[in-house]
Amino acid sequence: MIDLNQELVFVMDSSRCIGCKTCMIACKDKHDNPVGVSWRKVLECTSGDWAQAPDGSYTQNVLAYYMSVACNHCENPICVSVCPTGAMQIVENGIVAIDTDLCVGCGECRWNCPYSAPVLDRAKKHMTKCDMCRDYLAVGKLPACVAACPSRALTIAPRKEAVAKLGRAEAAPLPPSGLTEPNLCLIKHRDSLSVSKSAAVLANREEF
Amino acid sequence: MTYEYPLVFFTVLGQLAAGIALLICLTGLQKHPAEERRAWIVSLATLAVAGVSAFFHLQSFGATPFALSNVGSSWLSREILLGAIFFVLIALRVWNVLKAGTNWLVGIVGVIFVLVMSQIYAQNAVAPLWHSWGPILSFLGTMLLLGGTAVLALAPDAWERPAVVAGVSSALVGGLFALSMPIFWVGGVLSPLNPVLLGTFATATICVTLTQMTCFAAGGVLTAFGVPGKRMLAQIGFVIILVGAVVGRMLFYAANIRLGG
C-alpha cells in the first residue's frame, strides 16, 4: 500500500480496462451526483473498417479500447488560472478542487479544460468535479473509482515516479498532454491511436 | 450546437456600447451637445442591458463580488473590471461630470474592453475555431460596424460631411472584419476535431454567414438612404444590422467544438 499523503497520479491501464463503467458508478455513488453529472467518464474508442479483396474475401482492421478519465489534477491547471473568483484552487498534495462558496457557475473552467472535467450541477448552482476523493485519502482510503475497478485498470501512484516512468497520457481520444500536463499516466492499449485522431474515434460522445 | 444566449447578447451589446463611445469621439459628435448626450445615454443603457444579460449566464450570484479577485490571470476577471470601469466612465459623461474633452479616454477604454473580451475566446486552446486572431478581429469589427451605424442613426439631420464619412467608413471596415471569422475557421478545421460536428457546423456557417451578409447589406442600404435627414430609415437599418450581428454571434458560440471530443 502506497503512502496516500503525497502528490498522486491516476494510472490508467487501457489494456486491462473492459469498459464496465464501475468507476463511473462508484464515483457517482460516493459523491451522490445526480443524473447528468458524471465526474468520471469511460471513453469508448473505436476505429477501422472492412475491405473486400478481389477474390471476394474480407479483411478488417477494426479496433476498440476504453479509457477512464476524470479531472487529472494537472501540473498547469488552466481551470485555476481562468477562474474569475478564485474558486478553483490547488489544495493539499497538488489536488485541484473547487471552493463551492466562491463558485458562480460561469463555466469558464469547463470551457478551457481539455478534458471537460468540471461539470455544472444545476441543482447546487455551481461547478463540481473530481477531488480525488480527498476525504478518503485523508483517512488512508483509496479513491472510490480506484477501489471499485474490478480489473485493477485504474490505480493511483506517487506522482513524480509514475510520470517519470510512464509519461503523461497521450493517446486518442485525449487531447495533447502539452496543453495542461495532466497528472494521468497511461499504459496504452495495443491498438491505441495517436492524439491526432482524437475526435474520429470517440464512439460514445452522447453519454457525456 | 449551443449558443449561450446571455453571452450572445452581452458581447454584441457590449461591443455596441463601445462602438458608440468610440464613434462619438471619431465623428466629433460633441459639436452637437443634444445628440451627443442622447448617444451617451444609449451607450450607457446598452451596456447596462449587456451586464444584466451576462448575469443570466451565471448560476449563483453570492460570490460575484469575488469575480475581480483573479485579475492577474483570468481574462474573465479583466473583462468584468474593464466593463465596470467603462460603465462608470460613460455614466460620468452622461451626467457631465467628465467633460467632452475626455471623450477620447472613454472611447479608448471601450476599445480595450472589447479587446479583453475577445481574449477570453482567442486564448482558449481547447477550442481551435476560437483559438486565433478571429475573435479579436470579429469583435472589433462588430464594435466598429454597430458603432458606425448607431451614430449615423442618432446623428443630427444636417451632420457635417466628414462626420458622415467617418461613420460610414467605420461601418464598412467593421462589417468586413465582422464577417472575417469563417476565414479563421478554415485553419481551425485542420485540428483533430469531430468530423460529424464539423460537417454540421460548416453547413450552418454557410447559411448564417449568408444571412448575416444580407442583413448587413440591407441595413447598410437603409442607413445610407436614411442619413440625409430620414432618421427613421437609418434607425431601421441599424436594427437590421444589429439582428445580423446577433445571428453571427450565435454561430460564433456554436464554434465551440472542442479537442478530444
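Throughout, a chain's letter reflects where its sequence line sits, starting with A, and its residues are numbered from 1. Basis for what follows: all heavy atoms, side chains included, without hydrogens, waters or symmetry-related copies. Computed from a predicted structure; not experimentally measured.
Distance alone, capped at 3.5 Å, is enough to place a donor-acceptor pair between the S60(B) side chain and the C103(A) backbone. Between the side chain of R258(B) and the backbone N or O of W111(A) there is at least one donor-acceptor pair closer than 3.5 Å. With hydrogens and angles ignored, the 3.5 Å screen pairs a side-chain donor or acceptor of S74(B) with a backbone N or O of V82(A).
Annotation: the span from M88(A) atom CE to N70(B) atom CG amounts to 11.5 Å, rounded to 0.5 Å. In this structure, I80(B) CD1 and C106(A) SG are separated by 7.5 Å, a value rounded to the nearest 0.5 Å. Distance CG/L174(A) to CG/L259(B): 11.5 Å, rounded to 0.5 Å.
Within 6.0 Å of the CZ atom in F66(B), the count of heavy atoms belonging to other residues, nucleotides or ligands does not exceed 12. More than 12 heavy-atom neighbours from other residues, nucleotides or ligands sit within 6.0 angstrom of NZ on K30(A). Environment of OH in Y65(A): crowded, with over 12 heavy atoms of neighbouring residues, nucleotides or ligands closer than 6.0 Å.
The parts of S116(A) that come within reach of chain B are both its backbone and its side chain, each placing non-hydrogen atoms under 4.5 angstrom from that chain. Of the atoms belonging to L179(A), it is side-chain heavy atoms, and not backbone ones, that fall under 4.5 Å from chain B. For A67(B), the parts lying near chain A are the backbone and the side chain together; criterion is any non-hydrogen pair under 4.5 Å. When heavy atoms are compared at a cutoff of 4.5 Å, Y121(B) approaches chain A solely by way of its side chain, counted from C-beta outward. Residue I257(B): no heavy atom, backbone or side chain, is found under 4.5 Å from chain A.
In plain terms, the two heavy atoms of L102(A) and A63(B) that are nearest each other are O-CB, 3.2 Å. In this structure, N124(B) and N112(A) approach most closely via the heavy-atom pair CG-OD1, 3.5 Å.
Considering only heavy-atom pairs separated by less than 4.5 Å from chain B, the leading option among C83(A), P176(A), A87(A), P84(A) is P84(A). Comparing V80(A), D101(A), L120(A) by how many heavy-atom pairs each has under 4.5 Å with chain B, the most go to L120(A). Ranked by non-hydrogen atom pairs under 4.5 Å with chain A, the options W130(B), W75(B), F61(B) are led by W130(B).
Of the listed residues (R122(A), K124(A), H126(A)), just one forms a side chain to side chain contact (heavy atoms under 4.5 Å, CB included) with Q59(B), and that residue is R122(A).
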